[in-house]
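First comes the structure, then the notes that go with it.
Whatever order the structure lists ligands and atoms in, that order sets their numbers, starting from 1. Throughout, residue positions are numbered sequentially from 1 according to the sequence presented.
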Amino acid sequence: MLVEAARESRAEPAVKTPESEWDHVVKRLREEVGDVAYRSWLAPITVHRIEGGEAVIAAPARLYRDWVATNYADRILELWRTENRQITRVSVVVAPVRASQPAVADRPAEPGPQIRLAPVEAAAIGETGEDRPRPSGLDPRFTFENFVVGKPNELAHAAARHVAEACSNPLRKVPFNPLFLYGGDGLGKTHLMHAIAWHVFKNACDRKVIYLSAEKFMHRFVRALRFKSTIDFKEEFRSVDLLMIDDVQFISGKESTQEELFHTFNALVDQNRQIVISADKSPCDLEGLEERMRSRLGWGLVADLHPTTYELRLGILQSKAEQANVHIPRKVMELLAHRITSNVRELEGALTRIIANMQLVGREITLESAQEELHDLLRLRERRVTIDEIQRRVAEHYNIRLAEMTSARRARAFARPRQGAMYLAKQLTSRSLPEIGRKFGGRDHTTVMHAVRRIQELKDTDPALAEDVELLRRMLEG
Ligand code: ADP
Ligand code: MG
């Protein structure tokens with residue numbers, strides 16, 4: 001065997017070093033992500049070592065580590081595997097680089113936390129018991145402590161906590177089986193699942209927990225079929241205390257994987273073991289699922305994560321800025337919370353960019369610098385709200401006819417909503433006062449100006465009106 005291995009390596013055309021492999025990986029990544037992203041994020045990364053199938057790269061600061069981990073993880077692993085099939089995992093560590101220092105393989109890394117990227121195996125924790133190995137495949141930032149709770153996610157959060165606590169206490173029965181978390185992209189499903197795993201790991205490390213994506217579950221299953229090791233596979237998954245499968249929508253239409261998962265679920269439920277599932281839709285809206293699977297998924301507690309509200313986004317930004325130990329002016333946070341509404345991942349990305357810019361260029365964060373830094377992102381997000389849409393929404397909200405937006409009736413029940421609509425038109429569109437006036441039944445621009453001022457004043461003294469206006473603004477911007 002040894003001889004063969006040696007022969008094989010002699011046949012290699014050129015001697016590969018960790019540095020040369022990383023050079024190739026990063027060169028190809030640069031072509032994909034472009035020069036700006038390369039210079040900002042990848043140029044400062046060096047290779048640290050390759051050991052036992054794991055490639056460790058080093059970032060000069062936590063910020064880079066987090067960014068690279070979040071944004072380039074999977075791709076780096078893929079590219080690396082085309083260079084070197086032995087690599088099954090990539091990790092990023094923080095290791096400050098001195099400008100003159102070449103990337104040598106044995107430079108000691110800062111002992112701080114490692115983030116494992118795209119582990120090939122599932123995150124299985126608590127299996128060995130001794131020495132409490134750190135679970136791999138779990139993001140160390142995804143804990144309950146770092147999860148900001150607000151109206152849109154309070155049910156999912158409470159349910160996740162409940163499960164985590166029950167699983168950490170052998171005397172407690174599983175509360176609901178399965179716990180099914182669903183919601184749009186980037187709203188915190190994976191975060192909550194990792195948080196459950198961390199909680200159980202910290203409080204009851206003898207528990208066997210498996211967390212993995214449905215995609216990985218399928219790959220493992222297919223591999224087990226190929227290598228005729230399905231018995232081991234079944235054994236492994238049916239002997240856990242807590243099984244968490246992320247993004248279960250992936251197995252829609254994949255019948256044999258569904259069947260296997262279905263039997264796994266039943267086996268676990270029979271033994272009173274907890275299951276947590278996430279998906280992008282509710283069980284009844286998931287397509288391509290067998291009926292019995294769908295009904296099994298909906299048996300326990302189904303908790304959804306709603307789109308974030310402005311308040312939640314602001315709370316998340318504050319918490320992230322605190323974690324990064326950076327002061328961000330309130331105006332900048334408000335700008336981000338107002339404008340980046342799609343999901344938390346993008347919100348975090350924007351914040352990271354602003355902080356990075358400040359740290360790289362040594363520039364103070366101001367509203368202007370943030371707008372400049374994020375102009376592409378903000379422009380993209382800028383939804384074109386039209387005056388027609390504003391009028392329609394406002395009329396619906398106050399339950400009046402759309403025609404009242406342009407009518408001459410001056411009763412307050414019509415005049416106030418009309419003024420509110422004018423105010424929103426001024427705030428949300430780039431139309432001039434005369435243009436707005438024309439759209440509201442040919443009114444004069446001074447009428448529009450008066451309406452805008454009036455609403456501004458009333459917002460300070462009339463909380464109900466302030467709330468209406470805020471709600472409408474959010475609906476229109478969303
Ligand atoms: P999903 O799995 O639903 O697509 P993730 O759990 O991966 O979303 O969340 C995306 C990012 O947003 C993660 O970095 C996560 O930490 C962050 N995030 C989402 N919701 C919250 C929250 N309520 N508090 C703090 N961070 C959050
Ligand atoms: Mg996820």
Side-chain angles (χ1 to χ4, degrees), residues 62-74 92 113 115-119 122-123 137-161 163-164 179-199 211-217 244-252 276-282 285-286 302-324 328 333 336-337 340-356 377:
R62 272 180 52 196
L63 182 75
Y64 291 89
R65 182 197 64 186
D66 294 352
W67 181 271
V68 170
T70 318
N71 294 280
Y72 303 121
D74 297 348
V92 197
I115 295 186
R116 295 221 190 275
L117 306 185
L138 291 180
D139 192 316
R141 298 165 306 168
F142 290 1
T143 59
F144 283 122
E145 291 72 34
N146 290 344
F147 191 82
V148 181
V149 186
K151 266 253 162 303
N153 59 25
E154 70 188 354
L155 174 65
H157 169 262
R161 265 212 175 265
V163 162
L179 167 61
F180 189 98
L181 300 172
Y182 79 93
D185 186 38
L187 296 182
K189 301 180 294 292
T190 300
H191 188 136
L192 283 177
M193 292 173 109
H194 287 208
I196 295 174
W198 280 119
H199 185 94
Y211 161 87
L212 81 175
S213 64
E215 182 178 4
K216 253 173 220 147
F217 180 86
M244 292 194 275
I245 309 265
D246 206 350
D247 290 322
V248 83
Q249 70 274 5
F250 181 83
I251 59 158
S252 69
V276 181
I277 304 290
S278 85
D280 61 351
K281 298 198 189 66
S282 76
D285 290 332
L286 278 175
V302 177
D304 61 342
L305 291 126
H306 296 273
T308 54
T309 55
Y310 173 73
E311 292 74 17
L312 179 58
R313 291 195 293 277
L314 205 56
I316 290 173
L317 288 169
Q318 274 158 355
S319 143
K320 306 265 169 196
E322 257 166 46
Q323 279 169 43
I328 312 266
M333 299 227 221
L336 296 183
I340 304 179
T341 53
S342 53
N343 74 46
V344 183
R345 196 172 293 127
E346 294 206 1
L347 193 64
E348 277 185 334
L351 186 70
T352 311
R353 246 168 82 176
I354 291 182
I355 297 176
L377 203 67

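- Taking backbone and side-chain atoms together, Ser213 has no N/O/S atom less than 2.8 Å away from the Mg ion (ligand 2).
- Inter-residue side-chain proximity for Asn153 and Phe147 is flagged as met; some heavy-atom pair is nearer than 4.5 Å.
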Exercise for review: Verify side-chain contact (heavy atoms from CB on, under 4.5 Å) between Phe180 and Val276, making sure each step is shown before the conclusion.
Suggested key: CA-CA 6 Å; Phe180 189 98; Val276 181; over 6 Å; no

Measure and list all N/O to N/O distances between ligand 1 and the protein that fall under 3.5 angstrom.
residue  : atom   : partner : partner atom : Å
ligand 1 : 2 (O)  : Thr190  : N            : 2.9
ligand 1 : 2 (O)  : Thr190  : OG1          : 2.7
ligand 1 : 3 (O)  : Leu187  : N            : 3.2
ligand 1 : 3 (O)  : Gly188  : N            : 3.1
ligand 1 : 3 (O)  : Lys189  : N            : 2.9
ligand 1 : 3 (O)  : Lys189  : NZ           : 2.8
ligand 1 : 4 (O)  : Asp185  : OD1          : 3.4
ligand 1 : 4 (O)  : Gly186  : N            : 2.7
ligand 1 : 4 (O)  : Arg345  : NH2          : 3.0
ligand 1 : 6 (O)  : Lys189  : N            : 3.4
ligand 1 : 6 (O)  : Thr190  : N            : 3.1
ligand 1 : 6 (O)  : His191  : N            : 2.8
ligand 1 : 7 (O)  : Arg345  : NH2          : 3.0
ligand 1 : 8 (O)  : Gly188  : N            : 3.2
ligand 1 : 8 (O)  : Arg345  : NH2          : 3.4
ligand 1 : 14 (O) : Glu348  : OE1          : 2.6
ligand 1 : 14 (O) : Glu348  : OE2          : 3.2
ligand 1 : 16 (O) : His191  : ND1          : 2.7
ligand 1 : 23 (N) : Val148  : O            : 2.8
ligand 1 : 23 (N) : Asn153  : ND2          : 3.3
ligand 1 : 24 (N) : Val148  : N            : 2.8
ligand 1 : 26 (N) : Lys320  : NZ           : 3.1

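- Heavy atoms only, all atoms of each residue included: Trp198 and Phe142 are closest at CD1-O, 3.3 Å.
- A donor-acceptor pair is defined here as one N or O able to donate and one able to accept, closer than 3.5 Å; such a pair exists between the side chain of Lys189 and the backbone of Gly184.
- Residues Asn146 and Arg141 approach most closely at ND2-O, 2.8 Å, considering heavy atoms.
- Counting heavy atoms from C-beta outward, Gln318 and Val148 have side chains that stay 4.5 Å or more apart.
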